[in-house]
Amino acid sequence: MKRRGTPEADLQRAVVQALRIALPRSAIIHHCANEVTEAGPRGAKRQAILVGMGVHAGFADLMVLSGGRILFLELKAPKGWLRPEQEAFRDAVQEQGFGWALVRSLDDALGALADHGFTTRIAPAPRRPAP
């Protein structure tokens, strides 16, 4: 179901919808809007306000809290790549013992839940090794 024509946004909507079904009702699935897409001085001013309010460069697209666990999901289109800020965020959260996963498909998202010990209401598809 494409709405905006952006592969990552389409994937994120599908993942959120699936996680709402797969995880217990008490689970929290959160997206932090951490960047302004508006160009020019107005967008720069809005971004500066967000940074001042605690927005963190490279923050993952989704944060999942369930059953005492936290998992950060970075969603990317099939050919998308991590920016240096995203790599630094990944490294920082993993060093602190939190889960982090790169997600390029719905199967990746469900597999990440299983890989990080999340209890779900559905069985994940068998995982294939990354290329």
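By convention here, the first residue in the shown sequence is residue 1.
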Worksheet entry | side chain to side chain donor-acceptor pair (under 3.5 Å) partners of Q86, counting only residues at least two apart | E74, K76
Worksheet item: Quick one: are L23 and L113 in side-chain contact, heavy atoms under 4.5 Å?
Response: yes
Worksheet item: How many angstroms lie between atom CG of L19 and atom CG of L106, to the nearest 0.5 angstrom?
Response: 8.0 Å
Practice prompt. State, with a plain yes or no, whether a side-chain heavy atom of L71 is found less than 4.5 Å away from one of F98.
Written response: no
Let me have the donor-acceptor pairs involving side chains of residues 25-33, under 3.5 Å, with sequence neighbours excluded, atom names and distances please.
from : atom 1 : to  : atom 2 : distance (Å)
H31  : ND1    : Q12 : NE2    : 3.0
H31  : ND1    : D61 : O      : 2.8

Worksheet entry | Atom pair CD1/NE2 of I70 and H116 - distance to nearest 0.5 Å | 12.0 Å
Item to complete: Measure the shortest side-chain to side-chain distance between K79 and W81 over non-hydrogen atoms and say whether it is less than 4.5 angstrom.
Response: no
Worksheet item: Closest approach of L73 and A60, non-hydrogen atoms and distance?
Response: O-CB, 3.6 Å
Response to the item:
Residues at least two apart in sequence or cross-chain that pass side-chain contact (heavy atoms from CB on, under 4.5 Å) with R90, listed by chain then number, are L82, E87, Q94, W100
Discussion item. For residues L102 and L11: do they belong to one hydrophobic cluster (side chain heavy atoms under 4.5 Å, members Ile, Leu, Val, Met, Phe, Trp, Tyr)?
Written reply: no
Worksheet item: For the side chain of R69 and the backbone of G117, is there at least one donor-acceptor N/O pair under 3.5 Å apart?
Response: yes
Worksheet item: According to the interplanar angle, ranging from 0 to 90°, do the rings of F59 and F72 count as parallel (below 30°), tilted (30 to 60°) or perpendicular (above 60°)?
Response: perpendicular
Practice prompt. Over all heavy atoms of both residues, which pair between L110 and A22 is shortest? Give the atoms and the distance, please.
Written response: CD2-CB, 4.1 Å
